[in-house]
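So the structure is just underneath, and the comments pick up after that.
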Protein chains: 2
Amino acid sequence: MSMENKMPTIREIAKKLQISPSTVSRALHNHHSIGLGTKMRVQELAKKLQYEPNQNAIFFKQRRTFSVGVILPNLSESFFSSAISGIEDFAIAHHYKVLFGQSHDDAIREGQILETMKNFRVDGILVSISKSTTNYDHFKNLKKYNIPIVFFDRIPAMSNINYIACDLEAGIQEAVDFLVSKGHQCIGLINGPNSMLACKERLRGFKNVLKKHNLKQNPSLIVSTDLSQESTYQAMQKLLSLKNRPSAVISFNDYVALDAIQYAKKMKVKINKDISFVSFANLPLSSYIENTPLASIEQFPYEQGKMAMEILLKLVDEGHEKRASKLNYNISLSPKLEIRIQ
Amino acid sequence: MSMENKMPTIREIAKKLQISPSTVSRALHNHHSIGLGTKMRVQELAKKLQYEPNQNAIFFKQRRTFSVGVILPNLSESFFSSAISGIEDFAIAHHYKVLFGQSHDDAIREGQILETMKNFRVDGILVSISKSTTNYDHFKNLKKYNIPIVFFDRIPAMSNINYIACDLEAGIQEAVDFLVSKGHQCIGLINGPNSMLACKERLRGFKNVLKKHNLKQNPSLIVSTDLSQESTYQAMQKLLSLKNRPSAVISFNDYVALDAIQYAKKMKVKINKDISFVSFANLPLSSYIENTPLASIEQFPYEQGKMAMEILLKLVDEGHEKRASKLNYNISLSPKLEIRIQ
DNA sequence: ATGCATATTGCAACCGATTGCGCAAATTCG
DNA sequence: CGAATTTGCGCAATCGGTTGCAATATGCAT
C-alpha cells in the first residue's frame, strides 16, 4: 500500500470544493472579500485534510526564507552553546528558523558555510568569526546583496559592521582592580592569539589598568598562546620561570585557566596561595572544580546571543521594508566579575 | 544610492545574451545539447555576474529542501553539543543543511518545533526526545507524510521506528563488573525518571548483572530522580542514610555524579574511599575535576550523531527514489567504560 | 427598467529554475 | 541530391501559493 500520502495543497482543496485556488487562499487568510459560507467550507475542509501551507512556496514567492544563519567556531565551548540558546529562543519566538554551522576555527570552512547560507537565501546571518579568519572579503560580499550580518563576541577588524560584544577592556580592568585589592602587585596575562580583536582589547585594557595602579609594565609577564593546552603549558612554564614570578595570572578564558592551573599543580605550585587566577567566561561547571580561578568574568552568552538575534531581525525588517538605514548597531555589553572565592 | 544589488538570475543572463533561460540553465549544467560556444559565453557571464543559483527555487521545484531538522533537549549538555557536531559534519559533507531546535525538555515546545519543521518541508528529522514526552502522536503524524525520522539516544517507546542508541544494558553491566572486580558488593543506582526508556534499560541491566554476580537485590539501593541537583541531593541523602550504605554508586550521568559527589563531600563522606562512583557520559572536563567518578561510560555522542545522520540521509534517498523499504534501522552502539582512576 | 454601488469569485501572472518536447538548421549517409 | 540523423536551441508547463484586476451577481434607489 504505497499510499504516498502527499501533503494537501490549496489546489486540492479548491478542486474538491469546485472553487478557484485564489478563493481558497483568501478564505484561509480571512480575506474580507470572501463570503462567509465559502470561508467556512474552506476552513473546515482544510482542517479535515490537515492542510498546512508549504512555507517553502511562500518564502519562494516572497523572496525571504524566515530563516537566519548562525556561524560559530564550535558548540563544544560552553559560551557558544549558551549563545545559540539565546539566539534560538529569540528566533523561534519570532517565527524564524535557525540554520547553523560550525567553522571549527577554520577560515575556509567558514567561507563555505557562508556560501551555502547565501545560496539558501537566508534573511540574515549571525557570525562569531573563527580564530584564523583574517580575510573578510566573503563578509563584504554579502553586503552587496543586502543580506545583513551581525557579528557577536568574536568581531572582525572591519569598519561599518553591526556587532555586539562584551567590553573586554572594562572586564580586564575590573579583574585587575580585584587582584590589586587583594594585594597582588605582579600580575601575568595569558592571552590568546594577537590576531584576535578580543585579545588586543584584553591587552590594551591590561596595560591601561596597570598604568592606573602605577604598576610597572613588564613585557615578559604577558604571553600569547593559540589557546591549545600545549601552548598554555608553555606559557605557564615561561611565567613560572621568571625571577619575579607573578602572584596572579589573568587568563584568556576558563579553559585556558584550567590548563594553566593543571600545569601549575604539576609543578607543585600551590593554587590560590603561591599563585592566583582570574579568567573569562565563568564556566558553569566550575562550581564542581576544586582549584578554580578566584573569579571569572561573566560575558552573558545567552543574553548576547539573544540581543544579536534581536538586532539581526531588526535589520532584516528594515531591509525588507526598503528603508535600509545607514546606521550600524555597535553594542557593548558590560561584563561582570563573578567572584567565586573571596 | 539604493543600488538594491539583487542577485542575478538565469533570466537576466538569458536576456543579456539574447538566448532563452532554458539554454542558460542547460549551459550551466554542461548539458550535451548545448553548443560549445554558447556554453562558454554563458559560463563566462555567469562568473562575471557572480551568479549563484537560488537554491530555494530549486528545492521548491524538486520538492525537497536538502535540509534536515534536528530536535534535541538542549545544547548545554555536552553530550548533545558533541552529537550535533557529528550531525552537522555529516550533513555538510553531503550538502545538507541543519535546522535545529531545542525542546528544553518540554513536550509542548518539542511539538511546536516539529510542526515548524514539517511546514518547512525538511527532508527528514532527527530527534532526541524530551524527558517529558509521553505522547508520540506528533511523530506518528509525520510518517503519514513520508518524512523520515531517526531517533537517537533518547528513544520513544514506539514500534516501527528508526533509532540509534547506546546499549545501556551492556554499559551498566560493564560498570558493575568493574565495581565488583574492585571488591564492591553493595552498589547503589541513582537513575533518571522512570518514564525514560534509557532509565528502564539501565534498571534492567542493573538487575540482571546483580543476579549474574549473585548479589542480593535491595530495592532501596535504587533511587529515581528527575536529574535536577535537588533531586540528586535527596537521592544521595537516602542512599547515605541506609543502614548498609552502598560502597559504590552508579549514577545516570556525569552531571548527576558531580552533584552526588558534591553532596557526599558536604556530608564528610570520603570520595573513592568511603564511596566510589561510576557514571555515564564521560564528560570531557572531568580531567580537571578533583573528585571525579572512578569511571564513566563513554557513549560516543559525535559518532552517534554522525551515524544517525547517515541513516537519515539513507532514508531520505530511499524515499525520494520511491523505493521506501519497510525495514527499520535499529542500531545499538557498544558503549565503552573509560576508567579514570585505577 | 435603468443605473450604480457592493459583494463574491475567478483569471492569470508571478517568484526562479528545470525539463519534456518540438522545431529548425547543419551534418552525414545512401 | 534527397533522406535521415544529429546538433542546438526555444516554448511552455511545473512546483504551491499570492495578488492585482476583471467579471459576474446581487441589492437598492431612481
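Treat the numbers as computed from the prediction; the structure is a model and nothing was measured. Numbered from 1 within each chain, the chains take letters A, B, ... in sequence-line order.
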Under 4.0 Å, heavy atoms only, any strand: does B:Thr9 hit a base, just the sugar-phosphate, or nothing? sugar-phosphate

Nearest whole angstrom, please: distance from the P of D:dC15 to the CZ of B:Arg63. 6 Å

Given that B:Ile34 and B:Gln62 both sit by DNA chain D, which one's nearest nucleotide is further toward the 5' end? B:Ile34

Determine whether a donor-acceptor pair (N or O, by modelled atom type, separation under 3.5 Å) exists between the side chain of A:Thr23 and the backbone of A:Ile19. no

Pick base, sugar-phosphate or nothing for A:Phe59, based on heavy-atom distances below 4.0 Å to the nucleic acid. nothing

Measure from CZ on A:Arg41 to P on C:dT8 and round the result to the nearest Å. 12 Å

Please determine if B:Arg64 forms a cation-pi arrangement with B:Phe66, meaning its NZ or CZ atom is less than 6.0 Å from the six-membered ring centre and no more than 45° off the ring axis. yes

Report the C-alpha distance between B:Ser25 and B:Ser22 in whole Å, list the side-chain angles of each, state the deciding distance to 0.1 Å, and finish with yes or no for side chain to side chain donor-acceptor pair (under 3.5 Å). CA-CA 5 Å; B:Ser25 172; B:Ser22 35; over 6 Å; no

Is there a side-chain contact between B:Thr23 and the phosphate of D:dG8, meaning an N or O under 4.0 Å from OP1 or OP2? no

Distance, rounded to the nearest Å, where B:Arg26 contributes CZ and C:dT19 contributes C1': 6 Å

Inspect the contact between B:Glu52 and B:Lys47 and indicate whether a charged nitrogen and a carboxylate oxygen are less than 4.0 angstrom apart. no

Can you check whether B:His29 has a side-chain N or O nearer than 4.0 Å to OP1 or OP2 of C:dT18? yes

Report the residue (A:Ser25 or B:Arg11) whose heavy-atom-nearest nucleotide on DNA chain D is the more 5′ of the two. B:Arg11

